[in-house]
Amino acid sequence: MTNNNMYFVANWKMYGNQSSISSINNVIKLTKDKKFRKIRIVYCPPFTLLRSFVEKTKNSKIYVGAQNCHYEIEYGPHTGFINSKMIKDSGSKFVILGHSESRREGDQDKIINKKIKSALSSNLKIIFCIGETFNEKKNNQTKFVLNKQINVGLEKIKNFKNIIVAYEPVWSIGTGIIPKINDLEKQIYDIKKIIIKFWKLKNPKIIYGGSVNPKNIAELKKISSINGFLVGGASQNSKNFIDIIKKTIN
Ligand code: 13P
């Protein structure tokens, strides 16, 4: 892989507490190594750890992101939620939106579109997740589903430079199964094509997520059009996360 400007996004989901934070010490150390100076590492812990992660990573090149936000940009009576302003205020720079686990909890394309607009106006960078379910894949609906998620999710959004698209096939998340390399290459190509056509961008950033681990990374990194990886389970163990990074950048 020739592209060193790769993203490695760690999605900790609903895992982790204060005592987990020291586990990233070795990742911080890695970012001081010249060989890895161009990569971008983003940690997305649960909301409760955002501020601690910002403090912990302040002298390193690691960024921090949240895993979701409310669509309302203003403060208001929304018990149990936080908005993009609050994420920004924590010192975080990124937010994951449209993750299939958030879609499963009720986030729909139109709501995700509002969330993206809110996060952009708070000057956050967005990791916008899309992906088909197993049944949609089985019924040859992948293209249709991805098109809809992109077109509705990104409707009337102009500022694409702050958006990274994460292709995460739902059937691959947490299952240990990754797409066939040819299929994945085609999917990335199709996603880039839609974005280039509608947003007139030269080189949109697309990352892949779904069961990325130290064993399959050698296979996944063969796809030169991928701009990085969104890692769930394997990112909670620093050794595995570092392995993924080292095996990608060599
Ligand atoms: P896993 O890496 O555990 O499959 O999770 C992927 C994911 O959902 C990252 O956002």
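Just follow the structure's listing: the first ligand is 1, and inside any ligand the first atom is 1. This chain uses plain numbering: 1 for the first residue, then up along the sequence.
- For ligand 1, the atoms lying closer than 4.0 Å to a non-hydrogen atom of Glu168 are 6 (C), 7 (C), 8 (O), 9 (C), 10 (O).
- The side chain to side chain contact (heavy atoms under 4.5 Å, CB included) test with Ile191 is passed by exactly one of Val165, Ile196, Asn147: Val165.
- Ligand 1 has a nitrogen or oxygen under 3.5 angstrom from a nitrogen or oxygen of Gly233.
- Using a 4.5 Å heavy-atom threshold, the side chains of His78 and Glu72 count as touching.
- Aromatic ring centroids of Tyr43 and Phe241 lie under 6.0 Å apart.
- Sparse packing is recorded around NZ of Lys246, with 12 or fewer heavy atoms of other residues, nucleotides or ligands lying under 6.0 Å away.
- In summary, the side chains of Ser20 and Asn17 do present a donor paired with an acceptor at a separation below 3.5 Å, with no hydrogens or angles considered.
- Note on ring orientation: taking the six-membered ring where Trp is involved, the planes of Phe8 and Phe229 are tilted (angle from 30° to 60°).
- Those atoms of ligand 1 that come under 4.0 Å of a heavy atom in Lys13, given as number and element, are 5 (O), 6 (C), 7 (C), 8 (O).
- Ligand 1 lies less than 4.0 angstrom from a heavy atom belonging to Ser211.
- Closest heavy-atom approach to atom 4 (O) of ligand 1 within the set Gly174, Ser235, Gly176, Gly232: this belongs to Gly174.
- In terms of polar-atom proximity, Thr175 is not counted as a contact of ligand 1, lacking any N or O under 3.5 Å from an N or O of the ligand.
- The side chain of Asn11, and not its backbone, has at least one atom closer than 4.0 Å to an atom of ligand 1 (non-hydrogen atoms only; side chain from C-beta on).
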